[in-house]
Amino acid sequence: MEQPSQPRDVFRDGKDFEALSRAIGGNYMPSVLWGWPWRKLLTAHPLGGCVMSDDQSEGVVNEFGEVWNYPNLYVSDGSIIPTRYP
């Protein structure tokens, strides 16, 4: 199979995301912000939003990133960063 000279921009057409969604039984819905007039790629919470805490009443995960009351379920991304990173 011949390789394209330029990598495809999957964010531009969304066909890969649509195919992936169908393959796992989902429905792909493009962001309204990706259409005219905005045309912006957006992540709503790149950091924060999944609070790390010493107590389950104060947050979602413990100091190891393990979700309170869900043994062996871990969050390992930027969402557990407790404050905005400068």
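Atoms considered below: every heavy atom in the structure, side chains included; atoms not considered: hydrogens, waters and symmetry mates.
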**Report entry** Minimum side-chain heavy-atom gap Val61-Val51 below 4.5 Å
**Finding:** no
Query raised in the report: With no hydrogens and no angle check, is any side-chain donor or acceptor of Glu66 less than 3.5 Å from a backbone partner on Leu73?
Result: no
Query raised in the report: More than 12 foreign heavy atoms under 6.0 Å from CG of Asp55: is that the case here?
Result: yes
Query raised in the report: Is there a path of hydrophobic side-chain contacts, each under 4.5 Å between heavy atoms of I, L, V, M, F, W or Y residues, that connects Met52 with Tyr70?
Result: yes
Query - Contact summary for Phe64 and Tyr74, nearest pair of heavy atoms - result: O-CD2, 3.6 Å
Query raised in the report: Any link between Met29 and Leu20 through a network of hydrophobic side chains (Ile, Leu, Val, Met, Phe, Trp, Tyr) touching at under 4.5 Å?
Result: no
**Report entry** Heavy-atom closest contact (Val75 atom, Cys50 atom, distance)
**Finding:** CG2-SG, 4.0 Å
Query - Test item: Ser21 and Asn27 side chains (from C-beta on) under 4.5 Å apart, heavy atoms - result: no
**Report entry** Asn62/Trp68 under side chain to side chain contact (heavy atoms under 4.5 Å, CB included): CA gap, chis, key distance, verdict
**Finding:** CA-CA 7 Å; Asn62 64 21; Trp68 291 107; 3.7 Å; yes
